[in-house]
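The chains referred to below are lettered A, B, ... by the order of the sequence lines, with proteins before strands, and numbering in each begins at 1. Atoms considered below: every heavy atom in the structure, side chains included; atoms not considered: hydrogens, waters and symmetry mates. Quantities reported herein were computed from a predicted structural model and do not represent experimental measurements.
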2 protein chains.
Amino acid sequence: MSSCETCVVRNRAICAGLDNQEILALNALGRRRSVSAGEPLIWEDDDSLLVANVIEGVLKLTSSTEDGREQIVGVAYPSDFIGRPFGQTSKASVVALTDARVCVFSRNDFDRFARSHPELEHKLLERTLAELDRTRSWMMLLGRKTAPEKIATFLLEMSDRLAESGHTPITRGPATRFTLPFSRQQVADVLGLTIETVSRQFTKLKNEGVIDLPARRDVEILDRPALLALAG
Amino acid sequence: MSSCETCVVRNRAICAGLDNQEILALNALGRRRSVSAGEPLIWEDDDSLLVANVIEGVLKLTSSTEDGREQIVGVAYPSDFIGRPFGQTSKASVVALTDARVCVFSRNDFDRFARSHPELEHKLLERTLAELDRTRSWMMLLGRKTAPEKIATFLLEMSDRLAESGHTPITRGPATRFTLPFSRQQVADVLGLTIETVSRQFTKLKNEGVIDLPARRDVEILDRPALLALAG
DNA sequence: CGTACGATTGAAGTTAGTCAACGCAGGTGG
DNA sequence: CCACCTGCGTTGACTAACTTCAATCGTACG
């Protein structure tokens, strides 16, 4: 059986800061679960009976209109927390983008545990505040940036996030070459664009020598300053 | 001197749940401040040395590009919490939309107090999670909704929020008639549109008999079901 | 080798943005 | 008291950006 002691995100997730006894108690509440790419973990508007920590892989949080338009409202990487504790039903679906492993808890169990462990709640609060900051800067992008600016900002963010979570060779700083965990459609859903616009902007950047696209989902940043300038 | 005991948001803000002694301690750290309409409380990228509770009035949180495009990324109503505790600098400016009264704390003082009062941190966490939910549904609007849908959604949200915070006669449920705390430009900045588009959509709804516009900033919802249908 | 799916490219269409003129109400001063 | 000014909002004509629709490409996979 898998346990918290050997968990790779042990020191980065909200569990960091709990002592061994507390970890043991939390361990008893949760269980590991694998989610394959494309598989949902939580459905929009369902009673969201679970919360989870991401151990490995990348997942998308999406919100949809009745007529099927989709917006990706968040992306969860290893050590990120997923779900909506404390009595509210989450209004976003969670679907794995890559094969992923998560550590799931029933929301009730987690709520109870969290309320009696302030250190855990504090970690969760810090994480939620940081996520809110990121989400707000994404609002700026969605509301006010042009397609080229959106693409440039997106590539820079991916280069940062993927470096952090160790998807690339162990280097410090942003990754210059990485594999997107998104299809073109999903990039479009993150940026509030269509797949065609995304494709055209990618090709344009490639033709201008700012990036290279060695494979469908691979990106190499050739001219980071140019990207920064384009990002607005 | 003003004190927490007589505070109108005492039971709705994050201070709710603190006992009298704790309230007294918190009271000693904070001070009341008036902010007139248009006056800033926090500047984007400043070191954000303060956090605050809104007592009265409405404030906007904004994010701007270098070339001056602005996006309103949040709106704070009475009992809402403002600012970025725990060591990060806020990336949003806060400016009063109406004359407002807030209860401000130095961030350091607040951080220290919060860390030793789990009940307060819990309230703040619940509030932050709720705000994140709202922000995410706004991402959907910004990324995927059309101008008419944006306007309809906006009017419905205003009708809910303004009813809650008691800007309208004491009624239960959403307000049908209310005064917007926003200019046309600010509505545009919330929705990621231009002032002209906002104006045109407003007049269109008026001509269709869905709303009435008795004065510049006043709205009366005549046909709520129609608005709901338009909101997408 | 052929199929299927995602990605790209092209041409045409729409939506919202831009630029510019005008309207209206509130405030100010003659 | 009225004329004028000023700031915000509205309206119109035009434009640009992005979407839509449709065809084609390319690669992974059976």
Side-chain angles (χ1 to χ4, degrees), chain A residues 37-38 60 65 67-72 95 97-98 140-155 179-208 211-220 230 232, chain B residues 37-38 60 65 67-72 97-98 141-155 179-208 211-220 230 232:
Chain A
K60 65 171 179 174
T65 53
D67 61 338
R69 283 170 286 174
E70 180 167 314
Q71 175 68 43
I72 294 183
V95 178
L97 292 174
T98 65
M140 166 78 233
L141 172 141
L142 289 171
R144 290 299 184 206
K145 289 193 178 179
T146 63
E149 289 171 332
K150 285 179 176 181
I151 295 285
T153 308
F154 170 79
L155 289 172
T179 299
L180 294 174
F182 303 105
S183 68
R184 289 288 183 274
Q185 180 61 62
Q186 285 157 354
V187 175
D189 290 341
V190 170
L191 299 177
L193 296 171
T194 58
I195 187 174
E196 293 94 333
T197 302
V198 171
S199 183
R200 281 187 249 270
Q201 295 299 330
F202 270 46
T203 330
K204 188 154 147 278
L205 287 177
K206 183 182 171 177
N207 292 339
E208 289 165 349
I211 61 171
D212 191 25
L213 301 168
R216 285 198 161 187
R217 288 186 174 209
D218 290 357
V219 179
E220 182 171 7
L230 285 169
Chain B
K60 64 171 180 175
T65 53
D67 62 338
R69 284 170 285 172
E70 180 168 317
Q71 175 68 45
I72 295 183
L97 292 174
T98 64
L141 172 141
L142 289 171
R144 290 299 185 206
K145 289 193 179 179
T146 62
E149 290 171 332
K150 285 179 175 180
I151 295 285
T153 308
F154 169 79
L155 289 173
T179 299
L180 294 174
F182 302 105
S183 69
R184 289 290 183 272
Q185 180 61 61
Q186 285 157 353
V187 175
D189 290 342
V190 170
L191 298 177
L193 296 171
T194 59
I195 186 174
E196 293 93 334
T197 302
V198 171
S199 183
R200 281 187 251 270
Q201 296 299 330
F202 270 47
T203 19
K204 188 155 148 276
L205 287 176
K206 183 182 172 177
N207 292 338
E208 290 165 348
I211 61 170
D212 191 25
L213 301 168
R216 287 199 157 186
R217 289 188 173 208
D218 290 357
V219 179
E220 182 171 6
L230 284 170

Next on the checklist: I need a per-nucleotide contact map over nucleotides 24-30 of chain D, read 5' to 3'. Cutoff is protein heavy atoms under 4.0 Å; write B for the base, S for backbone only, - otherwise.
Outcome noted: --B----
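- For the pair D218(B) CG and dG9(D) P, the interatomic distance rounds to 12 Å; values are reported in whole Å.
- Partner of T194(A) under the side-chain contact (heavy atoms from CB on, under 4.5 Å) criterion, chosen from V198(A), L191(A), T197(A): T197(A).
- DNA chain D is contacted by no residue of residues 143-152 of chain B, taking any non-hydrogen atom closer than 4.0 Å.
- Regarding K204(A), its NZ atom lies at a distance of 12 Å from the C1' atom of dA17(D), rounded to whole Å.
- Scanning residues 193-202 of chain B for heavy-atom distances under 4.0 Å to DNA chain C yields L193(B), T194(B), E196(B), T197(B), R200(B).
- Contact between E149(A) and R144(A) at its shortest, heavy atoms only, is OE1-O, 4.3 Å.
- K150(B) approaches K145(B) most closely through the heavy-atom pair CE-O, 3.5 Å.
- What separates NZ of K206(B) from P of dT11(D) is a distance of 8 Å, to the nearest Å.
- We find that CD of Q185(B) is positioned 10 Å from P of dC8(D), with the value rounded to whole Å.
- The distance between atom CG of D67(B) and atom P of dT18(C), rounded to the nearest whole Å, is 11 Å.
- Residues Q201(A) and A147(A) share a closest heavy-atom pair of NE2-CB, 4.1 Å.
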